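One structure is given here, and the rest of the page talks about it.
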Amino acid sequence: MTRKVDLRRFTGFQAITWACLFMLYAPLIVVMVYSFNDSNSITIWGGLSLRWYGDVFWGPEAEKFKVAALNSIVIAVSAAVVSTAIATSAATALLRAGRFRGKSLSFVLVNMPLMVPEIVTAVASLIFFSAIGFTAGYLTILVAHIVFCIPFAYLPIAARMQSIEDVYEHAAQDLYASKWQAFRLILLPLMAPGIISGFLLAFIISLDDFIITNFVKGAGIETLPTAIFGSVKQGIKPNIMAISTLLLLVSVLFVTLSWLVGRKGQKQ
Amino acid sequence: MAGGGISSGGKGSDMYEGLGPRLILPAWAIIGFFLVLPVGLMLIYSFLTKEFRGGVIWEFSLAAYDQFFFDRGLFGDEPPKIEWTYINIFWRSIWQAALATVFCLFIGFPTAWFIATRSGSNRQIWLFLITIPYWVNLLIRTISMKFLIRDNGPLNEFLLWTGLVDSPLHIINTNFAVQLGLFYSYLPFMVLPIYASVERYNFAFSEAAADLYASKWVTLRLIILPIVKPGIIAGCILVFVPSLGAFLAPDLLGGAKNFMIGSLIEEQFKGNAGNWPFGAAISMILLSMVMVVLTLYARAQSKEEASR
Amino acid sequence: MTSETPIAVDIQDATKKYGSFTALRDVSLRIRDNEFFTLLGPSGCGKTTLLRTIAGFETLTEGAIKLFGEDIADLPPNKRPVNTVFQQYALFPHMDVTRNVMFGLQMLGQSEPEARKRAGEVLELVQLSAFADRLPSQMSGGQQQRVALARALAPNPKVLLLDEPLSALDLKLRQAVRLELQQIQQETGITFIFVTHDQEEALTMSDRIAVIAGGQVQQVGSTRDIYEEPNNKFVADFIGETNLLDVTVTDLGAGQATCILPGGGTFTCPAADGSHEGAGHLSVRPERMAIVPVDGAVLSGVVTRRIYLGTDMHVEVTLDDSEVMTVRVQNSADTHIPERGDRVGLGMEAAAARLLVD
Amino acid sequence: MTSETPIAVDIQDATKKYGSFTALRDVSLRIRDNEFFTLLGPSGCGKTTLLRTIAGFETLTEGAIKLFGEDIADLPPNKRPVNTVFQQYALFPHMDVTRNVMFGLQMLGQSEPEARKRAGEVLELVQLSAFADRLPSQMSGGQQQRVALARALAPNPKVLLLDEPLSALDLKLRQAVRLELQQIQQETGITFIFVTHDQEEALTMSDRIAVIAGGQVQQVGSTRDIYEEPNNKFVADFIGETNLLDVTVTDLGAGQATCILPGGGTFTCPAADGSHEGAGHLSVRPERMAIVPVDGAVLSGVVTRRIYLGTDMHVEVTLDDSEVMTVRVQNSADTHIPERGDRVGLGMEAAAARLLVD
Amino acid sequence: EGKLSVYHWFEYIPQEVLDKFAAEHGVEVTMDTYDSNEAMLASLKAGKLGSYDVAVPGDYMVEIMAGEGMLDTFEHTELSNFGNIQPQWADVSFDPGRKSSIPYQWGSTGFSVNRDAYSGDINTTSIIFDPPAELKGKINVLDSQGEVLALASMHLGIPQCTTDREQLKALNALLQGVKGDWASFGSDIAKDVLVSGDASAGMIYNGFSAKARSEGANIEYAFPKEGFVVWMDNVVLLKDAPNRDNAIKFMNFLLEPENIAAITNYAQYTAGIEGVDQFLTDEVKTAPELNPPSDQPGQFVMACDQAVQEVYDTIWTNLKK
Ligand SMILES: Nc1ncnc2c1ncn2[C@@H]1O[C@H](COP(=O)(O)OP(=O)(O)OP(=O)(O)O)[C@@H](O)[C@H]1O
Ligand SMILES: Nc1ncnc2c1ncn2[C@@H]1O[C@H](COP(=O)(O)OP(=O)(O)OP(=O)(O)O)[C@@H](O)[C@H]1O
Ligand SMILES: NCCCCN
Ligand SMILES: [Mg+2]
Ligand SMILES: [Mg+2]
């Protein structure tokens, strides 16, 4: 019969999306391909090999990267846990606690880490930490990460909380649940998908951070980004490509998992 | 990371009435102490006297702001003229950030639209495809971009091989490379809020417009864009603000040749110049610009909300 | 159900202000035990607000609420022996039907097996035993409504509050659920306070109705009182359709008055409390008007419109002073229905007309 | 409005499939110019789908749609001289009322002042001149509904499609808007195709009704035809309430049949197309039943329930074989209404009963 | 047992040497890196002093840090290998009496040119400051104010840290004029850009250039006739070092010829220690970068006083604006 009039379709949008994907993936694919390059130099193709993957685990820099990866994960998990908790509490205050003094200011505050350019945060934190004698180390990184992860955790959590009508909690209260029980037994489970994506976002943001970490980190403490930066600025080495490829695979695994979790959450 | 993150949420319910201050306290404590105070200290530093080779002397001085706005010649003893150096650096950064924002918007809107109009499960897969690269470290992404576009990198090799060009395209160390880097760094911050808006967009409006004789592109311009505007604005802010202070892309892809605000600030604290009050002053000027933009946006937003 | 029945909920001079806006003004209601009591009124009149103050989600600005004689002002919602069926049901989406019903019981401290047993009983009552393991999202609107009811009934509350529980259902389903609700109320003997803006719903289900408008109680009474003896113009107009005639009251006696009709005829009819001599309104229901020969009729006019309603025909008659009266004529083979343009007389029984205050 | 009136919309054997699901099956309708035509049917029956194919938002799997004789299959929605009033209005939230109404005019190429002038006229027609500068969000549901109407009327379409435009309004408002819509249709002479699932709405407003169920047209006819001469059981049951008696048809003649009632009595009544001898259903509307003395009545039973509806009283009579019949008795002083438990006879006029196919 | 925290240049010490020290002394070694003397100074000033034990500043930076009071001192007796230091490096102007520092490596900063891209004479600073057409837009310059301005001064034939206004103006003008011919600024990328071909010429340290050559770049390191920069990097004992004992052990370790030779073999500069030769590879011994023609003038970078330094800062900012 006749062609279907689809008001959702715009000519060219699909092409742009594909182009967009191409631009996003081209560099990564190049990295993946070259990680299998059997050559000391990235500029010369020396045939297929897994030697750089061996190098990642047993090469001279392996120890450094292992420690850095561990640091990154420990910091990212802790920062994500704490910032998710703070963000959940803040979202409850801002969306569920009616009016109170300083509410709009609080709103600005929660989003502030997002608004202050990263370099300013980095420099300001460094100076402040040394001014108050808060010695650079693990803790400084952790604290700084918690701060800038809060708005990222807050966004999906608040979005989710906003979409949950408070009538469920009222119903719980009507059925003899205290406020805390209503929160724990009703609101929290309903929020789970938002909290999970807030956590993941915070985790990834923390795992990714370079500028602030580089400024506030203590002597000799490396996270993955600072370690990679230290080793890569002089020029990309094939072992870095191998590390990146591994990270990409881990990420894909992780995203896939979180996606499956999210989908399960959505079904309910 | 749905849109509307900047505006305050809804009219608010009161289920935990009275607990607000207690619940917001942890956020206040940690952000207040570890962000507001440091930024406050920066503000103070910007009004202090610089110490030679880094550091501050606790004496009030407007020298940092003077240096920003007035040109007193190479030797600092000429009558003051307007200093264009830093204004130009700001201008360049703003221009770069704005270009990157526009670039992200022109690619990001159609992408977000396309994704939001897929059916349920396809939509998830598309979103997934767009976000995966962002699970790889920004640094690695930027470096791989650098690797890709260098004069004899894979891109040029490919283009030469296809015969599309007969000498390598020179992209690396140009403003275009910085653009590309910024685009690559922040695209999802554009796509996701717009996606969230478009997903909520009620296609009955498009149908109503078509019913009232509007073609699709007219509908896009007169109906869709104004209605999903909050998502677009949120996306623009989320791309613009970090681009303004961007540091990696100009450094790695732009060849560190031209100062951007980020590298200018860094230089004051880490580099040769070592002028802390000046670095603090630049930071404060940058911060106040960001705040002005955000305040204007928030005001526009609340005006719009009030009128609904 | 006489006035000796104990008072379940006693609302005394309740006033609720939101800022400068008064949502409830001096509301006093005595709702009896075991009663099916309905709050009826237009959107925004304060029905939900009143219900929420009883449930404890709002506090009164002034006035008191007593539950079986005890002032409950200081009890938080989770301490009141009152349960609510919410308008959108508010079933916990992450719990199956049984868990939803068990929730209140467990909050009251019942053990898991105890609560499960009771939940089973209540689900039996609402005929949902077969659905015990479903999630709310896997059920139709009507079934969800019954789960909400079961959940609220399970803890055996003294008073059950229902906030427009039927408004999300479609016509046929609504009619079916109405009957069920009424039966359950009779079986359990729990006091129901039911909110609706649908007068038909109110009329079909309730023992007594309070008509509310603008935050104030307009009239409290049995369904028949409300329909047939409305206190004022608002109630007459809101409950069903009515014809309002501007009349001059000349002879006000005990519950009776004589009025001069627009056409000049006089008419004697019952008067509501507060009627006074002078200008007044006479209310006559369309079904209490009859089409009669012009000669000797108290009112007459021309048929200007006929609306076919299936069960009935509405005949609109425009009087000589251009007021429009509606007469409802039941469609049956033996009724003669005049054509458009016919000149007809209108008759009404004295008992069916009522003199109203504004 | 005779059959010589030109056909505005001619739907021929329209079938619409979504994958394997058939939303419309062989629908043929001839909607006349200037007609107020209603599509009536339960939720999910395909009403909206049909409307959307006329507007051009969906394409038919099979069949054709002609607009004043011209096949419009290849016209995109923005080229069809057909406008729609959407169920949720779909008013452009960022434009004020005037701009909303001007939109279609400007899209058709009218200049700003021209469009503004016409918008003013149409807003006058829907009595919203005072609201010209408001944003849709600043208006009540009823007002929004009228803006949507004005917007759709402004370009003077040949056909106006209305998809349950009143469903979001509350009872009183709905009644008021119904009248207005009818008047506007009469004033403008535009063909209205109106979708609803509310049978009362359909009956009060339409010239003709098409009853749809399961994607198929069940019956097309005037309001009176549909109510009083339903084609089948579905139509009888869907339009208003009805009492359905299982009978045995013994003597089927031209449009007439004799049936044996449950109690054993016999009864002669009109038959619908397709009736056949053997088991059948007899449909009698509650208002067409009467309570009569037991002696000599064709049916008899015990009053088991009385429901007060204001205008009327529903009396439920349980027959001896436990079927429940409803009799609608108008509330007026001279009707005697039996009490619960009374044994009564039921009468019905032959003309009011109808023999149906399933 | 214990720790050692090193603040070091990038790519300047092989992991094996650190591991060896760690194994020998049972010390856990951590290292952060920097890419310019100034970056190191700034970061120590901004609060990191007190978290590192040793750093490796260049000559003039040792003087500056000493002046800022950022260095601790030691007695020569604390270092059993102190005597291994070559006599010419045993007492130096930037650390009179070697109270806080020991030599690490010394070398030169000049530039290298890709011989595929340019075949003319390269032993002139004009390659950088007045480049031939073939090299225009293909030049990387170190992101290091001191070395760039020193080399530029030599190109102009003016003294470092000059106070003469005309000379300073000329310096400013030179850089403004040539900036457009430069592709990028970067120290840590200096080798990579030559290897990858992103740049056809680039300022670079001699050892770094040797490494670039061994990685396949067809480049030649220049010894310009106008002069070039020489430097000595030194291991210094930082003030408030958290592990002073281990720092001393580390310094002593680095005065061991075999250990410092391993570093020389890796970084391809020159050690200032006696007895190193036997441990050096032939590659290092014969590298043209490490064997300047003896008549060529090399100069240390000078630490300017505040007034000149402020002009230098302005010139540098002008260059990058
Ligand atoms: N939190 C509040 N703040 C201010 N005004 C309120 C608040 N809650 C309700 N109101 C106002 O009080 C009035 C009564 O509201 P309520 O919800 O009780 O009406 P309702 O009778 O239940 O109406 P509906 O039938 O539409 O549900 C309304 O005018 C409403 O706008
Ligand atoms: N895009 C679609 N894909 C699959 N099925 C659809 C689609 N649109 C509608 N349907 C199905 O077609 C049938 C008819 O839908 P339609 O919207 O026309 O019903 P309706 O009569 O308007 O109902 P309502 O009164 O609820 O609006 C429904 O069963 C619906 O589920
Ligand atoms: N690779 C480090 C170079 C040091 C120059 N002073
Ligand atoms: Mg309400
Ligand atoms: Mg529909």
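For clarity, every value in this text was computed on a predicted model and none was experimentally measured. Residue numbers begin at 1 in each chain, while the letters A, B, ... track the order of the sequences.
In this structure, B:F189 and A:F152 have tilted ring planes: the angle between them lies in the 30° to 60° band. Using the six-membered ring where Trp is involved, B:F34 and A:F128 have ring planes that are perpendicular, over 60° apart on the 30 and 60° scheme.
Put simply, the side chain of A:I132 reaches to within 4.5 Å of the side chain of B:F33, judged on heavy atoms. You'll find the side chain of B:F147 stays beyond 4.5 Å of the side chain of A:P27, heavy atoms only. Side-chain contact between A:V30 and B:F158 is absent, with no heavy-atom pair separated by less than 4.5 Å.
Only the side chain of B:I224 has a heavy atom closer than 4.5 Å to any heavy atom of chain A. Proximity to chain A (any heavy atom under 4.5 Å) is restricted, for B:L187, to the side chain, taken from C-beta onward. Only the side chain of B:W276 comes within contact range of chain A, judged by heavy atoms closer than 4.5 Å. Interface residue B:P154: only side-chain heavy atoms are found under 4.5 Å from chain A. Contacts between B:Y201 and chain A at a heavy-atom distance below 4.5 Å are absent for every atom of the residue. In this structure, the portion of B:M42 lying under 4.5 Å from any heavy atom of chain A is its side chain and not its backbone. For B:I107, the parts lying under 4.5 angstrom from a heavy atom of chain A are both the backbone and the side chain. Residue contact with chain A, scored on non-hydrogen atoms closer than 4.5 Å, involves the side chain of B:W113 exclusively. Looking at B:A210, the atoms closer than 4.5 Å to chain A (heavy atoms on both sides) all sit in the side chain, from C-beta outward. For B:L129, the parts lying near chain A are the backbone and the side chain together; criterion is any non-hydrogen pair under 4.5 Å. For B:L37, the parts sitting under 4.5 Å from any heavy atom of chain A are the backbone and the side chain alike.
Only one option out of A:T92, A:T88, A:L94 pairs with B:L23 in a side chain to side chain contact (heavy atoms under 4.5 Å, CB included); it is A:T92.
Atom OG in B:S263 sits 8.5 Å away from atom CD1 in A:I119 (nearest 0.5 Å). For the atom pair B:T131 OG1 and A:L24 CG, the distance stands at 10.0 Å (nearest 0.5 Å). Note that CZ of B:R141 is 11.0 Å distant from CG of A:L248, once rounded to the nearest 0.5 Å. In this structure, CG in A:L7 is found 11.5 Å from OG1 in B:T117, a value given to the nearest 0.5 Å.
Across every non-hydrogen atom of A:D208 and B:L138, the tightest pair is OD1-N, 2.6 Å. Annotation for A:Y34 and B:E157: closest pair OH-OE1, 4.2 Å, computed over non-hydrogen atoms.
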For this session: Kindly determine whether A:F215 and B:F269 satisfy ring-ring contact (aromatic ring centres under 6.0 Å, His included), including the steps that lead there.
Result: CA-CA 10 Å; A:F215 270 80; B:F269 290 96; 7.8 Å; no
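Chosen from B:V39, B:L127, B:I132, the residue pairing most often with chain A at heavy-atom distances under 4.5 Å is B:I132.
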